[in-house]
Protein chains: 2
Amino acid sequence: MASVRGGSRDKPPSIVDVAQHAGVSTATVSRALAAPEQVRPALRERVEMAVRDLGYRPNAAAQRLRGRRSRLILVVTLTRWSAPFFAEVLNGIDSELAANGYAMILGNLDLDRRQDGHLVDMMQSGRFDGVLALAGVANAANGHELKEPGLPLVSICSEIQGTPSVLTDEGESIVEAAEHLFGIGHRHFVYLSGPATNFSDRSRWDALKAYFEAKKDECRLDRIEGDFTPRSGAAAAERFLASLERPTAVLSSSDEMAIAFMKVAKHAGVHVPGDVSVCGFDGIDFADYCEPTLTTIRQPRFELGRTGAYRLLQIIAGHSEVDAGRTVLRNTLCLRDSTGRAPRHG
Amino acid sequence: MASVRGGSRDKPPSIVDVAQHAGVSTATVSRALAAPEQVRPALRERVEMAVRDLGYRPNAAAQRLRGRRSRLILVVTLTRWSAPFFAEVLNGIDSELAANGYAMILGNLDLDRRQDGHLVDMMQSGRFDGVLALAGVANAANGHELKEPGLPLVSICSEIQGTPSVLTDEGESIVEAAEHLFGIGHRHFVYLSGPATNFSDRSRWDALKAYFEAKKDECRLDRIEGDFTPRSGAAAAERFLASLERPTAVLSSSDEMAIAFMKVAKHAGVHVPGDVSVCGFDGIDFADYCEPTLTTIRQPRFELGRTGAYRLLQIIAGHSEVDAGRTVLRNTLCLRDSTGRAPRHG
DNA sequence: CTGTTAGCGCCTTCAG
DNA sequence: CTGAAGGCGCTAACAG
């Protein structure tokens with residue numbers, strides 16, 4: 001009676017095979033699987049047995065063609081994503097999707113090669129039930145290109161006009177960090193930015209500018225351009241070292257930049273936090289293992305992913321009451337050893 | 001004449017719409033797209049125009065159902081993957097797949113919950129043309145479970161019986177590192193392991209054991225259990241510190257463990273490399289930014305992914321001459337500041 | 001409750 | 001070179 005899936009090269013069993021094996025119609029098989037309560041127990045069991053015997057799995061393509069969901073979500077990322085940050089966001093997404101029987105396709109958007117066409121093709125090929133756009137993608141693809149195909153779309157870590165998005169309170173958090181540093185005596189700040197087109201970076205910079213605008217008589221805020229990568233953090237440190245009047249507080253737009261910055265600064269004999277305080281952004285694992293441990297603004301990475309996926313599934317399911325607008329998660333300021341009182345000084 | 005895709009809510013155009021719009025049969029449309037040379041230029045152009053006008057994209061589900069490829073590859077990973085390592089492998093995979101018009105599904109395998117069924121379901125649902133299994137998955141899912149569905153399968157960073165796999169020369173490289181350390185005076189080594197069931201870890205440990213077996217009169221090799229994570233590296237450091245006779249050379253099975261190890265050791269007043277030399281494995285970006293910079297065995301992460309994807313596509317395309325067996329890529333020993341001469345000592 | 005039937009959109013013979 | 005027609009596997013009406 002056992003005999004799982006005959007020989008080997010046979011093509012997989014179809015619903016017809018199951019129907020014959022169980023002595024019922026294909027419709028009954030379909031129902032026994034999708035709506036068991038509509039099938040008399042006796043038949044249902046025969047079907048279930050046949051399914052097991054033959055090792056039958058519904059063909060997803062056929063299901064999709066017939067009009068049902070594909071249970072596939074396209075997740076669009078940039079080729080140059082920050083692994084420590086987004087890997088955990090992906091985990092969050094996957095966790096929520098898997099729990100609901102969905103799977104994710106990873107679609108890397110290459111900024112250099114004009115590959116967007118490829119993506120839009122995919123989106124219109126009817127393969128997916130929805131799209132999740134991760135930070136940066138919005139600006140890169142101009143946002144509406146992603147909306148155009150008419151698929152349910154949720155944006156994570158950046159906002160696309162008229163599209164539900166999941167964000168963190170980046171502006172508030174970085175101001176909170178600034179305020180903390182101000183409180184312990186710092187008056188000269190520098191912001192290590194991300195790419196100028198990045199949504200997060202804009203939010204942070206705008207909030208910071210507004211905050212210091214109100215304090216412009218007593219404080220100074222500089223800005224050094226970066227792009228989230230360690231390399232750009234090291235470059236920023238060189239510029240910092242070369243400056244005539246060095247800031248005493250660094251607000252970095254990513255932990256990776258902050259850590260590289262500290263490394264270079266220390267090498268040049270600048271003490272952290274004695275000479276300069278450094279605050280990162282993201283809360284990646286390595287913030288605990290660098291020297292000194294990094295004060296940072298921790299983003300709920302897993303939750304970002306989970307929440308984004310959740311909202312998307314809601315929309316797909318048609319629970320679209322609260323659709324539009326943003327969901328804002330809260331960050332946490334984690335004080336560690338890279339920040340301290342401003343150095344005494346004239 | 002313009003008018004891209006009507007109003008908005010209409011369902012997407014099908015091949016029939018295109019055929020009507022162009023005044024030809026559906027068969028001609030199909031051919032014009034798949035085998036243009038078989039269609040008279042005049043008609044071909046009419047079709048191409050209609051395609052553009054309507055914004056037509058072939059429906060992937062229908063194509064797949066009709067028997068063609070889905071151009072979808074399932075990439076199976078573990079829920080607890082090491083982001084710094086695998087993110088780059090994924091990039092390599094994506095790069096090769098995208099270049100050939102394929103996309104990847106990320107299937108996280110959860111070790112805790114028995115979720116494998118879900119995966120096998122997916123594999124048999126006829127959605128994919130092939131499967132890429134990343135390190136660790138093989139052992140977890142017992143390998144053959146993945147082979148069973150009869151899909152083309154390639155394993156990366158671990159070997160599955162009778163399945164093509166892409167590996168690095170881990171054994172040779174770690175022995176090379178050991179040899180280097182031996183050459184500069186070290187005689188007491190400790191290996192920080194990964195999970196005991198991990199394929200890579202086994203390869204490394206076996207090679208190391210063999211190497212030291214031949215030197216057992218003059219050398220000592222200890223082993224501390226870890227699992228690749230920083231946390232376990234820190235725990236290993238505690239054990240190291242507590243040991244009566246401390247080894248002078250640490251061979252870590254991951255950079256993340258090595259970095260955490262150094263952090264804890266330094267905190268306890270142990271100098272790296274003055275008192276103990278530390279060598280990592282993987283060559284992640286942070287190896288350059290920790291203190292001191294980490295000597296490590298760099299794995300060609302991007303190439304691992306790219307090569308794995310390449311082999312899989314070859315198999316799918318039927319170029320299966322060189323199918324079985326392994327492809328071995330070479331690692332590079334990167335000497336940095338965390339290793340040095342063994343301390344003088346009785 | 002269960003079976004019959006009609007397509008979903010596409011590609012690929014098979015005739016013309 | 002082009003058109004007509006069947007069917008991939010499945011499910012949702014519609015009858016019984």
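Convention: sequence-line order gives letters A, B, ...; per-chain numbering from 1. Side chains are part of it too, since the values below use all heavy atoms of this structure and drop only hydrogens, waters and symmetry mates.
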Open item on the list: So, taking the atom named CG in A:L33 and the one named CD1 in A:I15, what distance separates them when rounded to the nearest 0.5 Å?
Closed with: 7.5 Å
Between [options], which one does the side chain of [X] approach most closely?
X	options	value
A:I15	C:dT12, C:dC1, D:dT11	D:dT11
B:T26	D:dA5, C:dG9, D:dG9	D:dA5
A:L65	C:dC10, D:dG3, D:dG9	D:dG9
B:N59	C:dG9, D:dT2, D:dC10	C:dG9
A:R31	C:dT2, D:dG9, C:dT13	C:dT2

Task: Length of the CD-P vector between A:E45 and C:dC1, whole Å - done: 15 Å
Task: Side-chain N,O (A:Q63) to OP1/OP2 (D:dT11) below 4.0 Å - done: yes
TODO: Taking A:T307 for its side chain and A:E303 for its backbone only, find out whether a donor-acceptor pair lies under 3.5 Å.
DONE: yes
- [ ] May I ask you to decide if B:N100's main-chain N or O and B:R71's side chain share a donor-acceptor pair within less than 3.5 Å?
- [x] yes
- [ ] By nearest nucleotide on DNA chain C, pick out whichever of A:V39 and B:S30 is the more 5' one.
- [x] A:V39
Task: B:R64/B:D129 ion pair, N-O < 4.0 Å - done: yes
Open item on the list: Any N or O donor-acceptor pair under 3.5 Å from the base of C:dC11 to the side chain of B:R66?
Closed with: yes
